[in-house]
Amino acid sequence: MSVTELRTEGRIAVITVDNPPVNALSHAVRAGLMDCLRDIGSDNNIDAAVLTCAGRTFIAGADIREFGKPPQQPFLPDVVLALDGFGKPLVAALHGTALGGGLEVAMGCHYRLAAGSAMVGLPEVNLGLLPGAGGTQLLPRLVGAEAALEMMLSGKPIPAQPARLAGIVDKVVVDDNLLVRAIAFANEVAKKPIPRSSERQMPPVNTALFEQRREQVAARSHGLFAPGKIIDCVEQAVSADLVSGMAFERAAFLACHASSQSAGLRHAFLAERSAVKVPNLAAATPVRDVKQIVVIGAGTMGAGIAYSCLTAGFGVRLLDKDADGIGRGEKTVRGLFEGGVARGKLSQDKADAMLAQFATDTNLANVADADLVIEAVFENMAVKKEVFANLGKHCRAGAILATNTSTLDVDAIAAASGRAEDVIGLHFFSPAHIMRLVEIVRGRSTADDVLATSAAFAKRLRKLGVVVGNCYGFVGNRMLYAYGRENQLMLLEGAPPEHIDHVLQDWGMAMGPNAVGDLAGIDVGYKARKERDDLPDDPRFYQVANLLVEQGRLGRKTGRGTFLYEDGSRTPKADPEVQQLINDEAARLGIEQRVVPDDEIIDRCIYGLVTEGARILEDGIAARAADIDVIWMNGYGFPRYRGGPMHYADSVGLDKVHARVCEFRDRFGAQYWEPPQLLTDLANSSATFADFVK
Ligand code: 3H9
């Protein structure tokens with residue numbers, strides 16, 4: 001079947017776009033729309049036309065999967081110009097999400113009717129792009145430059161009613177008969193003069209607006225390229241006619257499209273969608289029924305998980321053997337609901353209904369009715385094994401037993417339960433009610449339906465559940481070890497902590513590694529290292545962190561870690577005492593200090609990640625390089641516009657990355673810098689991590 005279909009209802013033509021899943025504007029759709037216009041234009045029995053879409057949504061934008069491929073005519077801007085200039089009235093009937101190129105097509109049409117539940121928006125900025133099919137020229141004509149800039153710079157879609165008030169939508173259809181109403185509307189307007197978006201008088205604009213927005217963007221968007229270009233285009237729209245404005249916009253769009261930032265952001269979009277598809281699992285795998293959840297451990301993590309489950313509609317019982325602990329946990333959960341209501345995220349009625357499904361208990365054996373248990377107790381193998389032995393005894397057959405361990409061996413924990421097939425890792429990131437990422441750790445014996453249920457569960461929580469294999473630290477924390485190791489080594493070699501943080505933050509990391517360590521608590525990693533018996537034989541390994549912890553400098557929570565936090569301040573301040581401690585330790589270890597160049601700081605930390613990521617792929621702990629990227633972008637503040645560490649390495653070129661890793665091996669030794677075989681092989685064959693399939 002064709003992706004565009006043309007039929008008539010009396011003297012009204014109905015064009016239906018049917019290109020699942022979201023009616024993206026692939027070449028076939030663009031060509032189909034042009035064919036429909038030609039046929040409608042030449043048919044004297046047609047007075048007007050309605051443009052509608054099949055399936056769950058109106059057109060959600062240009063086809064992101066076509067970006068980067070050779071462009072094929074007709075181009076989308078030409079389609080939008082053809083719609084705008086068409087000789088018969090065109091009515092767009094919007095349902096679902098009319099986004100990006102979809103909204104541009106709708107603005108090319110002469111009228112827009114929207115279902116009450118529809119959303120409209122220009123989210124291109126999230127892909128490092130700008131609306132490149134007339135959006136930067138047409139939207140200001142409909143809503144004014146200021147509101148248009150707000151929509152395009154935020155990328156946030158707005159609902160149908162506000163869109164009508166703003167002037168984007170002409171009419172909102174509140175019943176379920178959008179298409180019928182749109183056809184009736186087309187009959188009404190068939191003989192009227194055509195109101196073209198291109199001919200709308202631009203509402204007056206204070207030109208100081210553009211400078212103000214440029215300053216805001218410079219301060220907020222961390223060197224992103226597209227926002228500035230959006231402002232340039234809207235400024236152009238104020239003075240230019242549509243055709244020359246669109247030519248300006250096209251050049252700006254192509255510049256954005258060619259940027260590495262857009263490539264990174266587009267990769268991030270697609271990687272997040274592929275990561276949630278569980279590898280090596282039959283599509284028909286059944287899922288177990290999950291309604292009642294028990295969370296064990298009422299600390300910050302347990303309470304955050306409980307809150308996430310409650311807001312997704314599950315019944316939750318929070319267990320902790322300590323009455324004080326359970327009191328604090330309950331307070332945290334209730335506080336999160338109060339915060340949600342205060343910020344308008346949740347109505348009081350909804351919060352009350354969700355809290356009615358919430359209970360607490362200090363009896364750890366009270367798990368018999370649980371469909372899913374999530375353990376979030378202290379990160380210690382002996383403690384976890386005890387909990388799982390207990391769960392093995394008291395849970396009903398078929399209940400899923402999940403551990404929230406962030407590093408420990410899921411198979412060993414599973415074995416303690418006596419029913420390893422029911423056990424899985426669900427590694428939530430902190431704070432669990434905010435962070436979207438969950439590493440779903442598939443153990444050696446995890447049953448397929450437990451895996452499928454866990455993936456569906458993560459989706460229901462609106463989280464990104466990425467399936468990983470079992471090893472120390474899984475994907476995220478295993479790589480963090482390598483990243484942190486290089487940071488720690490460079491401290492001893494003479495790079496001040498505040499300088500390392502500054503360089504990596506400037507490069508795009510959300511925070512520097514030393515500030516992150518202080519935030520999480522340096523003692524957390526310290527305790528985890530104490531439990532390991534496989535650490536490298538290297539007196540420099542995390543030695544600065546060890547000394548800080550042994551001096552009681554645990555991070556922000558003690559007011560002193562790698563940095564100082566004076567009078568409860570959250571801003572890290574360099575501490576000369578720490579620098580002295582580092583210098584003394586370097587001298588004791590015989591390390592000659594030097595100025596570590598900025599590019600070395602970046603490459604050692606980031607290629608530390610990349611080499612460990614390559615080993616993770618070799619070991620089959622991650623199925624796809626893109627999964628690693630998703631984990632690092634969503635769990636560790638890796639800049640989205642760089643697309644994650646593996647995509648970044650691909651974009652640099654693996655031959656160059658390999659050469660730099662070999663240089664580090666020659667300078668610093670093979671212990672940490674022997675290039676992984678996979679990196680060598682891919683570099684030698686001019687391939688990328690994206691090409692890798694195990
Ligand atoms: C643009 O329009 C540029 C123009 O201005 C100028 C051009 C010259 N293309 O998110 P979901 C796929 S830039 C191709 O899980 P949801 C997605 O990969 C574009 N595919 O569903 C997935 O496929 P699969 C501006 C797309 O219900 C499936 O659809 N538009 C596209 O949670 C389901 O996606 C945007 O940025 C696309 N444009 O959310 C909108 N969009 O199942 C981007 C989705 O095979 N899209 N897919 O993995 C979205 O925001 C969400 O997908 C949407 C649905 C809200 C539509």
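Along the sequence shown, residues are numbered consecutively beginning with 1. For ligands, and for the atoms within them, numbers begin at 1 and follow the listed sequence.
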Cationic N near anionic O, under 4.0 Å, [X] to [Y]:
| X | Y | result |
| --- | --- | --- |
| R288 | D449 | yes |
| R214 | E235 | yes |
| E199 | R141 | no |

Exercise. Can you find a heavy atom in the side chain of N280 that is under 4.5 Å from one in the side chain of R442?
Worked result: yes
With respect to [X], determine whether any N or O atom, backbone or side chain, lies less than 3.5 Å from an N or O atom of ligand 1.
| X | result |
| --- | --- |
| A60 | yes |
| G132 | yes |
| I64 | yes |

For this session: Answer with yes or no after comparing the ring centroid distance for F429 and H427 against a 6.0 Å cut-off, counting only values under it.
Result: yes
For this session: For residues F457 and F314, establish whether the separation of their ring centroids is below 6.0 Å.
Result: yes
Problem set entry | Heavy atom of protein closer than 4.0 angstrom to atom 39 (O) of ligand 1 | no
Problem set entry | Heavy atom of protein inside 4.0 Å of atom 18 (O) of ligand 1, strictly below | yes
Problem set entry | Test: R273 cationic atom under 6.0 Å from F269 six-membered ring centre, within 45° of axis | yes
For this session: Is it possible for you to check whether R250 lies under 6.0 Å from the centre of the six-membered ring of F75, through NZ or CZ, and within 45° of that ring's axis?
Result: yes
Per-atom contacts, ligand 1 versus [X] - under 4.0 Å to a heavy atom:
| X | value |
| --- | --- |
| K277 | 24 (P), 42 (O), 45 (O), 48 (O) |
| L127 | 13 (S), 19 (C), 36 (O) |
| D63 | 9 (N), 14 (C) |
| P123 | 30 (N), 35 (C), 36 (O) |
| R65 | 17 (C), 18 (O), 23 (O), 24 (P), 45 (O), 48 (O) |
| P131 | 5 (O) |
| E124 | 1 (C), 2 (O), 3 (C), 4 (C), 5 (O), 13 (S) |
| T97 | 56 (C) |

Problem set entry | Option set E104, R30, R250, criterion heavy-atom distance to atom 4 (C) of ligand 1, minimum | E104
Exercise. Out of R273, K459, R462, whose heavy atom sits nearest atom 10 (O) of ligand 1?
Worked result: R273
Nearest-neighbour protein heavy atom for [atom], which is reported as residue plus atom name and distance:
| atom | answer |
| --- | --- |
| atom 50 (O) of ligand 1 | L99 CD1, 3.9 Å |
| atom 32 (O) of ligand 1 | R56 NH1, 5.0 Å |
| atom 29 (O) of ligand 1 | P21 CG, 3.2 Å |
| atom 41 (N) of ligand 1 | V22 CG2, 3.5 Å |
| atom 1 (C) of ligand 1 | A62 CB, 3.4 Å |

Exercise. Are a donor atom and an acceptor atom from the side chains of R266 and S262 found within less than 3.5 Å of each other?
Worked result: yes
Problem set entry | No-hydrogen, no-angle side-chain donor-acceptor test under 3.5 Å, T16 and T52 | no
Consider ligand 1: state whether an atom of it lies below 4.0 angstrom from any non-hydrogen atom of [X].
| X | answer |
| --- | --- |
| E66 | no |
| F269 | yes |
| M119 | no |

For this session: Show your reasoning for whether side-chain contact (heavy atoms from CB on, under 4.5 Å) applies to I628 and V468.
Result: CA-CA 9 Å; I628 298 176; V468 298; over 6 Å; no
Problem set entry | Between CG on residue N23 and CZ on residue F58, distance to nearest 0.5 Å | 8.5 Å
For this session: Mind checking the CD-CE spacing from Q137 to M202? Nearest 0.5 Å is all I need.
Result: 8.0 Å
For this session: Take atom CZ of R7 as the centre, draw a 6.0 Å sphere, and report whether it contains more than 12 heavy atoms from other residues, nucleotides or ligands.
Result: yes
